[in-house]
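To start, the structure under review is shown below, and the notes come after it.
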Amino acid sequence: MNFELTEERQMLQDGLRRFLRESYTPTLRAELAQQDAGFSRSIWSGLAEMGVIGALFDEDDGGFAGAGFDISVVFEELGRVGAVDPLIDTALLGGGLIAALGNDTQKQNVEGVIDGSIQLALAHGEPASRFDLSHVESTATGDGDGFVLNGRKAVVINAPAADHILVSARTSGDVADQDGISLFLVPTSTPGMTLRGYALVSGGEAAEILLDDVRLDRAALLGGEGSAFEAISRVQARATLAISAEALGLMESIRELTTDYLRTRKQFGKPIGKFQALQHRMADVLIEIEQARSAVINLAGHIDAPADIRDKHVSATKNLIGNVAKLVAEESIQMHGGIGMTEEYELGHLAKRLIMVDHRFGDAIYHLERFIALAVA
Amino acid sequence: MDLNYTEEQQAFRDEVRSFLAENLPSRLADKVKFGKTLTKQDHEEWHAILNEKGWLAGNWPTAFGGAGWNAVQRHIFEDEMTSAAAPRIVPFGLAMLGPVLQKFGSKAQQDHYLPRILNGDDWWCQGYSEPGAGSDLASVRTTAERDGDHYVVNGQKTWTTLGQHANMIFCLVRTSKEGKPQEGISFLLVDMNSPGIKVRPIVLIDGEPEVNEVFFDDVRVPVENRVGEENKGWTYAKYLLTHERTNIAGVGFANAGLENLKRIARAERANGRPLIENPHFAARIARVEIDLMAMSTTNLRVVSKAAAGQAPGAESSMLKVKGTIIRQEINALTRTAVGPYAMPFASEALEDGSNLGPVGPAYAETATAQYLNNRKLSIYGGSNEVQRSILSKAILEL
Ligand SMILES: Cc1cc2nc3c(=O)[nH]c(=O)nc-3n(C[C@H](O)[C@H](O)[C@H](O)COP(=O)(O)OP(=O)(O)OC[C@H]3O[C@@H](n4cnc5c(N)ncnc54)[C@H](O)[C@@H]3O)c2cc1C
């Protein structure tokens with residue numbers, strides 16, 4: 001048994017931590033809100049140059065790592081600074097699917113992802129799908145040698161900045177069938193595809209996408225017709241690991257901010273951290289964050305396991321993260337008092353990002369049910 | 001023991017209900033239902049309608065132009081107001097300052113200010129908290145030094161709710177540094193248009209500038225604007241806080257929130273079935289509803305004691321803690337219910353007049369903003385920790 005990071009990962013962590021500390025200056029967040037994509041292109045290039053994006057892909061795909069613990073190291077660091085860079089969307093979801101399913105021509109995009117020149121988004125969720133991965137109402141019908149896509153895609157994160165959007169649509173089967181889901185690599189400027197972009201509570205941007213007779217060549221099809229479900233489940237599992245590790249990083253920073261505040265804020269002539277009522281609650285926060293860390297380790301260690309074992313860990317971890325995230329965010333705001341309610345103070349952004357984790361890739365209740373189904377079966 | 005309202009009380013409830021049905025503008029009710037931010041004009045419009053009927057100041061004695069209701073009537077009124085999605089009555093003048101002036105103000109202050117509160121001539125805000133004085137309110141440091149027939153005020157107040165709308169602020173200021181901190185505080189009424197006052201908005205985590213910092217730089221305030229005696233302000237401040245704590249349980253808000261949550265959970269679908277049929281989600285709703293049913297009765301127990309003339313004491317701390325836990329849980333479940341559509345940040349959704357339709361379902365638009373905003377419930381008006389300390393001292397005698 002060994003819970004130490006390998007030398008390579010330790011270097012990755014140290015380098016990334018330094019880079020992010022320097023890049024995420026106190027004024028950056030306000031500046032980002034003004035930018036077109038909701039994140040900083042220059043930080044993105046910096047991440048690519050450091051090899052952070054390459055660390056999320058294995059050697060066969062042009063990267064140099066790509067294991068569960070590489071993902072958890074990278075995203076915990078991103079979480080610590082409340083980074084809004086769309087690494088989940090461009091690298092793990094978009095890049096991951098192209099690497100898994102693409103032909104040689106399509107795979108050239110993975111190079112672009114790793115060198116930082118391409119942005120991607122996965123348009124899979126729909127207004128009525130909630131967290132159900134097999135629920136796809138959008139359709140792709142054969143049209144000569146190509147396809148025509150129709151439907152709506154919901155809360156597609158990073159779509160406004162994306163060069164290409166990976167769009168799922170049903171080529172056969174019923175609305176909730178796993179079989180019959182196909183993926184298409186669609187340039188954002190394709191006629192018939194309209195984006196309504198907006199900002200997110202957690203920072204960054206997303207869009208609602210309308211597919212209105214979007215005509216595509218057969219070459220746009222990514223992987224086999226009707227068989228994209230498994231690959232989508234796999235990248236979603238990796239993305240869930242990423243967002244869980246990010247949540248852990250957020251929790252660690254929030255804990256630091258809150259303990260610092262408890263030490264320095266004085267009321268009734270002493271630091272509020274001297275009140276036992278708060279000490280015990282902060283101790284509970286500490287205990288739960290350590291639980292979160294172990295849950296992330298469990299998932300990172302099983303991310304390449306067979307799908308049933310992997311998914312049991314996905315659900316266990318995401319359920320626990322969802323519950324702990326709520327506790328940590330709410331307790332830290334409460335123990336700050338009024339200052340914790342303000343947009344200006346750093347806690348606000350970190351706590352909101354942490355709360356929003358429960359709204360992506362399945363919330364605590366969704367994963368509780370899924371865990372019951374997988375663990376009992 | 002009888003859990004039902006008396007006939008008289010039922011008649012009163014029906015009267016309130018039909019008044020609201022006829023007189024509450026649907027434009028305002030819709031804004032309340034969808035969690036939109038009410039403008040100053042919205043509040044003023046609704047206050048004027050209630051004032052016309054004589055119902056704006058239910059808690060004031062008739063001698064001062066109030067309705068003179070007892071605690072049960074006030075409870076019924078508040079309950080009906082929230083069920084009808086009426087804007088809440090802005091509390092600063094009516095619920096807070098009014099009773100203080102009636103009890104401790106001079107005749108001249110009563111004659112001048114009370115009608116102006118009813119008529120909407122003044123918008124008051126509450127200048128208690130300071131950067132260094134939150135839970136420990138007695139440590140206020142804003143000073144008022146006597147200079148002839150004026151006080152000269154210097155310092156800073158913060159978290160001043162809706163101070164941007166206000167033309168008047170009531171403040172706790174330090175007039176003496178002798179003795180215990182509570183013994184050197186005075187209660188001053190200050191015109192916000194006085195030279196030397198600056199107001200700076202503070203944006204909260206839901207993106208709304210709901211509170212403010214108020215800076216005082218050599219602000220001259222006539223001595224006749226002091227309420228009661230010099231250095232006795234703490235007594236008046238505490239009296240005001242007991243009034244701030246009426247309707248503290250927020251049962252009406254909780255009921256309205258629960259109804260809204262159920263409506264959403266019926267509309268949302270998870271795995272092809274309505275979310276409300278999901279046993280895990282349904283169990284969470286049921287738990288909070290069960291809590292709310294019991295708390296409503298705890299609230300009524302306190303209300304009827306108050307109506308019988310026994311001033312609620314530490315019980316209101318109980319209602320504050322339980323009431324805020326319940327409302328915050330309802331807000332959290334509502335955020336959870338809307339799923340991925342909790343993520344869009346719809347700043348313009350909170351204002352009206354936005355010409356784009358909502359990004360997702362209309363009911364999802366403000367779910368996250370309301371959840372975030374209502375984290376304040378357990379912080380202000382005496383934090384839940386402070387309330388628990390009161391309970392352990394006053395009731396448990398620990
Ligand atoms: C949205 C909002 C609106 C407000 N509106 C107004 C207004 O209009 N006018 C006004 O005057 N004020 C207003 N307030 C201020 C409010 O009353 C204070 O925020 C509150 O009193 C807490 O003070 P604080 O923020 O300084 O927190 P602190 O007092 O610094 O408390 C920080 C944390 O320590 C805890 N704590 C403090 N002392 C103890 C103790 N002895 N034992 C255990 N725990 C303790 C608190 O409960 C809290 O969790 C508002 C606040 C908010 C958030």
Side-chain angles (χ1 to χ4, degrees), chain A residues 125 127-132 135 154-155 157 175-176 196 198-208 265-269 272 275 277-278 281 322 326 329-330 333-345 347-349 351-352 355-356 358-360 362-366 368-369 372, chain B residues 129 131-139 158-159 202-211 268-272 275 278-281 283-284 328 332 335-336 338-347 356-357 359-361 368-369 371-373 375-376 378-380 383-386 388-389 392:
Chain A
S129 65
R130 202 171 170 87
F131 300 120
D132 187 356
H135 184 112
V155 201
I157 297 185
V175 169
R196 176 177 168 194
Y198 48 83
L200 295 167
V201 171
S202 53
E205 292 188 353
E208 298 297 292
R265 169 68 172 171
K266 285 195 177 141
Q267 286 290 276
F268 304 101
I272 55 174
F275 297 121
L278 301 189
R281 282 166 54 187
K326 181 169 182 287
E330 292 180 354
I333 291 173
Q334 181 67 24
M335 288 191 262
H336 271 85
I339 193 86
M341 289 290 302
T342 62
E343 180 70 22
E344 202 172 319
Y345 183 58
L347 175 67
H349 170 69
K352 282 194 275 186
I355 285 289
M356 286 298 113
D358 206 39
H359 294 272
R360 244 199 135 178
D363 59 24
I365 290 176
Y366 169 87
L368 179 68
E369 273 203 312
I372 292 170
Chain B
S129 306
S135 299
D136 183 11
L137 186 58
S139 68
T158 192
W159 312 123
I202 302 176
V203 177
L204 296 184
I205 43 179
D206 60 350
E208 288 289 294
E210 178 176 321
V211 298
E268 281 286 317
R269 298 180 84 78
N271 288 324
L275 180 61
N278 175 305
H280 305 285
F281 199 77
R284 293 273 300 274
Q328 290 178 335
R335 170 175 61 71
T336 301
V338 304
Y341 278 116
M343 291 194 279
F345 173 62
S347 64
L356 280 176
V359 161
T368 297
Y371 161 80
L372 292 170
N373 185 271
R375 299 314 305 169
K376 73 186 175 191
S378 48
I379 295 172
Y380 68 12
S383 75
N384 280 12
E385 290 71 37
V386 166
R388 289 186 181 99
S389 297
S392 54

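What you see is a predicted model, and the numbers here were worked out from it, not measured in a lab. Each chain gets a letter, A, B and so on, in the order the sequences are listed, and its residues count up from 1.
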Please check: side-chain N/O of [X] versus main-chain N/O of [Y], any donor-acceptor pairing under 3.5 Å?
X	Y	answer
Glu343(A)	Gly207(B)	no
Lys352(A)	Ile205(B)	yes
Asp136(B)	Gln267(A)	no

Report task. Could you tell me which residues satisfy side chain to side chain contact (heavy atoms under 4.5 Å, CB included) with Asp132(A), sequence neighbours excluded, listed by chain and number? Result ->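 Partners of Asp132(A) by the side chain to side chain contact (heavy atoms under 4.5 Å, CB included) criterion, ordered by chain and then number, come out as Ser134(A), His135(A), Asn271(B).
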
Chain A contact via [X] - which portion, at a heavy-atom distance below 4.5 Å:
X	result
Arg335(B)	both
Leu372(B)	both
Glu210(B)	neither
Arg375(B)	both
Asn373(B)	backbone
Val338(B)	backbone

Interface moiety of [X] toward chain B, non-hydrogen atoms closer than 4.5 Å:
X	result
Ala206(A)	neither
Phe131(A)	side chain
Tyr198(A)	side chain
Ile333(A)	both

Atom of [X], atom of [Y] and distance for their closest heavy-atom approach:
X	Y	answer
Arg130(A)	Pro340(B)	O-CG, 3.8 Å
Ala154(A)	Tyr341(B)	CB-OH, 3.2 Å
Ile365(A)	Phe281(B)	CD1-CD1, 3.4 Å
Arg265(A)	Gly134(B)	NH2-N, 4.1 Å
Thr342(A)	Trp159(B)	CG2-CZ3, 3.5 Å

Query raised in the report: Do Glu369(A) and Asn278(B) come close enough that some side-chain heavy atom pair is under 4.5 Å?
Result: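 Contact flag for Glu369(A)/Asn278(B) side chains = yes.
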
Query raised in the report: Among Ile272(A), Ile339(A), Ile157(A), which residue forms the greatest number of heavy-atom pairs with chain B at distances under 4.5 Å?
Result: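 Heavy-atom pair counts peak at Ile339(A).
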
**Report entry** Leading residue by heavy atom contact count with chain B [cutoff under 4.5 Å; candidates Ala364(A), Gly348(A), Gly338(A)]
**Finding:**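 Of the candidates given, the most pairs with chain B belong to Gly338(A).
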
Residue selection (most heavy-atom pairs with chain A, distance under 4.5 Å) from [options]:
options	result
Ala342(B), Pro344(B), Ser383(B)	Pro344(B)
Pro279(B), Ala138(B), Gly132(B), Pro131(B)	Gly132(B)
Ser129(B), Ala133(B), Ser135(B)	Ser135(B)

Query raised in the report: In terms of side-chain heavy atoms, does Glu330(A) have a donor or acceptor partner in Gln328(B) at a distance below 3.5 Å?
Result: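 On atom types as modelled, these side chains do not qualify, holding no pair under 3.5 Å.
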
Report task. Could you tell me whether the side chains of Ser378(B) and Gln334(A) share a donor-acceptor contact shorter than 3.5 Å? Result ->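 Yes, side-chain donor-acceptor contact under 3.5 Å.
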
Query raised in the report: When rounded to the nearest 0.5 angstrom, what is the spacing between OH in Tyr366(A) and NE2 in His280(B)?
Result: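 Those atoms lie 12.5 Å apart.
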
Report task. Calculate, to the nearest 0.5 Å, the distance between atoms OG and CZ belonging to Ser139(B) and Phe268(A) respectively. Result ->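 The distance works out to 8.0 Å.
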
Query - Derivation of the side-chain contact (heavy atoms from CB on, under 4.5 Å) call for Met343(B) and Leu200(A) - result: CA-CA 6 Å; Met343(B) 291 194 279; Leu200(A) 295 167; 4.0 Å; yes

